[in-house]
Amino acid sequence: MRLLLFNLATDVDDPILGFTSRWIEALAKRVESIHVITMRAGKVEVPANVRVHSVGKERGYSESRRTIEFYRHLFHVLRADKIDACFSHMMPRFTVLAGPILKGKGIPIMTWFAHPGLTWILKLAHHLSDRMVTSMTTTYPYKHDKLTVVGNGIDTDLFSPDGSISREDPPLILCASRLSPVKNHATLLKAAWLVRQRWGKPFRVVVLGGSTGPWDEGYARSLHEQVKELRLEDTVSFESPVSMANLPSWYRRCTVHTNMTPTGSGDKVAWEAMSCGKPCLVANEGFRETLGKYAPSLLFRYGDSEDLANKLSTLFTLSTGARDEMGHYLRQQVVRMHSLERLAGNLIEIFQAMRPHKSQAEQENDARRFLK
């Protein structure tokens, strides 16, 4: 199978989208070749059977220039290779741009989307796609007639306990996320203030991430101001974002990870922390299945700092053995439902089902090519 893959960013060092390089690698093990057309490229590390073509956002190209570059790469790929299927990852715009051309050539399209924002571009991409896929039912905001839930694709080898006994003293609450209003950090800061008033013992809060552009800088400043207003300077610290390769060490150090985004979001960081064997408090009902028997202890009401504070206090009072048992269970849940291996297998099965039936001559040509 030869795939065409649309991607938002192909860069192993990207602190938010670096995981897509792991996805490409996992798919490349299962297919003959992949052509990636990406909005922007950074540090590219892909297998030998993968070719990456950037439309040039990293070069500062305008939107119109990027559109021209997209079609230039698309037509080059279609002339140079016989594509069997297209996978569009979080790029409904590329699905829309390429859809009529790929449809005309009989190339099926599968579009991944996991975000609460519903736009006309997504609606059109849904119409042009043969299949829509997402991480969990709550992360897809449009019609479910073409939808398949395939898991989140967590690299459970990278995000894993390292076997060492790490007991952070004082306890560490970690929140790995970019500094953006949707992440709702204010709920965590208020909860930290409540826990300090009630628990009476020292603990730390680390917010690991940064703003992604000028539009978020005002929000980031407001968080620092809130820390001062609550007099949490000796408790809360802000750390710069790190590459995906350096994230596991942060997860392993923490006592508990927190994620305050609402239902409809699908933050990978929550699954990553659980894959490292750590409890994760979430406000997103979509995680209920993964949390399993621990859902009552780890789900808190969205925006409710009082509820979050109560659940943090309860986790702090558990024995280390009880927290470790919880973390072990959560890791097994992630491996079973959201591992990268499971995702790649699911996607390949869908690609195979979407492929048009090949003629005898095409099958014989494929066989000769593989024998070579």
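This chain uses plain numbering: 1 for the first residue, then up along the sequence. Note that this is a predicted model, so its numbers are computed, not measured.
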Sequence neighbours left out, cut at 3.5 Å: what donor-acceptor pairs do the side chains of residues 171-194 make with other protein atoms?
from	atom 1	to	atom 2	distance (Å)
Ser177	OG	His185	NE2	2.8
Lys183	NZ	Asp267	OD1	3.0
Lys183	NZ	Asp267	OD2	3.0
Asn184	OD1	Thr187	OG1	3.3
Asn184	ND2	Thr187	OG1	2.8
His185	ND1	Tyr219	OH	2.9

4.5 Å side-chain heavy-atom contact, Tyr61 and Ile68: no
Give the other cluster members for Trp215, using side-chain heavy-atom distances under 4.5 Å between Ile, Leu, Val, Met, Phe, Trp and Tyr residues; answer none if it is isolated. none
Any side-chain heavy-atom pair of Leu343 and Ile154 under 4.5 Å: no
If you measure from the Lys or Arg side-chain nitrogens to the Asp or Glu carboxylate oxygens, is any gap between Glu306 and Arg198 under 4.0 Å? yes
Tell me whether Arg253 contacts the main-chain N or O of Ser249 through its side chain, where contact means a donor paired with an acceptor under 3.5 Å. no
With the 4.5 Å side-chain cut-off for hydrophobic clustering, are Val269 and Met337 part of the same group? no
Check whether any side-chain heavy atom of Thr134 sits under 4.5 Å from a side-chain heavy atom of Phe113, and report yes or no. no
Walk me through it: do Glu58 and Asp11 pass the test side chain to side chain contact (heavy atoms under 4.5 Å, CB included)? CA-CA 11 Å; Glu58 74 279 5; Asp11 179 2; over 6 Å; no
Examine Ile37 and Ile121 and state if one hydrophobic cluster contains both, with Ile, Leu, Val, Met, Phe, Trp and Tyr joined whenever side-chain heavy atoms are less than 4.5 Å apart. no
Atom NZ of Lys103: over 12 foreign heavy atoms under 6.0 Å: yes
May I have the list of side-chain donor-acceptor pairs in residues 290-303 shorter than 3.5 Å, sequence neighbours left out?
from	atom 1	to	atom 2	distance (Å)
Thr290	OG1	Trp271	NE1	3.4
Thr290	OG1	His338	NE2	3.2
Arg301	NE	Asp304	OD2	2.9
Arg301	NH2	Asp304	OD2	3.0

Show which residues join Val335 in its hydrophobic cluster (side-chain heavy-atom contacts under 4.5 Å, direct or indirect), or state none. none
Please name all residues satisfying side chain to side chain contact (heavy atoms under 4.5 Å, CB included) with Thr235, sequence neighbours left out, ordered by chain then number. Arg196, Phe203, Val205, Leu232
Heavy-atom side-chain contact between Arg40 and Asp14 under 4.5 Å: yes
Phe19 vs His89 aromatic rings, parallel, tilted or perpendicular, using cut-offs 30° and 60°? perpendicular
Taking C-beta and beyond as the side chain, do His115 and Leu122 meet within less than 4.5 Å on heavy atoms? no
Report yes or no: does Asp130 contribute a side-chain atom to a donor-acceptor pair with the main-chain N or O of Met110 at less than 3.5 Å? no
Any ion pair linking Glu69 and Arg59 (charged N to carboxylate O, less than 4.0 Å)? no
Mind checking what makes salt bridge (Lys or Arg N to Asp or Glu O under 4.0 Å) contact with Asp13, not counting sequence neighbours? none
